[in-house]
Amino acid sequence: MCDRTILPQLFEKSAVYETTWQNLALNRGILGLHAAVYLTATLLLQKRKDIFK
């Protein structure tokens, strides 16, 4: 039966999960950088396979 006691916190709070606009912009910037790097690598590797040079 539920006696409404407070459970202990299992994990420490981390700055990674702060809900601020600055943190959101940083995470989106890192995601965009990853996408740009992988897109560039993909395009370069596909260009090497291109038969029409």
Side-chain angles (χ1 to χ4, degrees):
M1 183 167 276
C2 181
D3 61 357
R4 298 188 186 267
T5 59
I6 297 175
L7 295 174
Q9 195 166 11
L10 297 177
F11 301 103
E12 296 290 326
K13 288 186 178 181
S14 173
V16 173
Y17 302 109
E18 286 183 8
T19 53
T20 62
W21 288 109
Q22 182 180 6
N23 195 27
L24 178 64
L26 176 65
N27 288 329
R28 294 284 172 101
I30 292 171
L31 179 63
L33 179 63
H34 275 268
V37 167
Y38 296 135
L39 179 63
T40 302
T42 301
L43 292 174
L44 290 173
L45 290 172
Q46 287 296 322
K47 185 65 177 169
R48 284 182 32 190
K49 287 177 47 177
D50 196 6
I51 60 172
F52 303 111
K53 293 188 177 187

Show which residues join [X] in its hydrophobic cluster (side-chain heavy-atom contacts under 4.5 Å, direct or indirect), or state none.
X: L39; answer: L43
X: V16; answer: Y17
X: L26; answer: I30

| said: So, using side-chain contact (heavy atoms from CB on, under 4.5 Å) as the criterion, who are the partners of T42 when residues are at least two apart? | reply: Q46

| request: For Q22, check side-chain contact (heavy atoms from CB on, under 4.5 Å) against everything at least two apart and list the hits. | output: T20

| Those residues that, when tested against Y38, pass ring pair (Phe, Tyr, Trp, His ring centres under 6.0 Å) (two or more places apart) | H34

| said: Determine whether a donor-acceptor pair (N or O, by modelled atom type, separation under 3.5 Å) exists between the side chain of N27 and the backbone of N23. | reply: yes

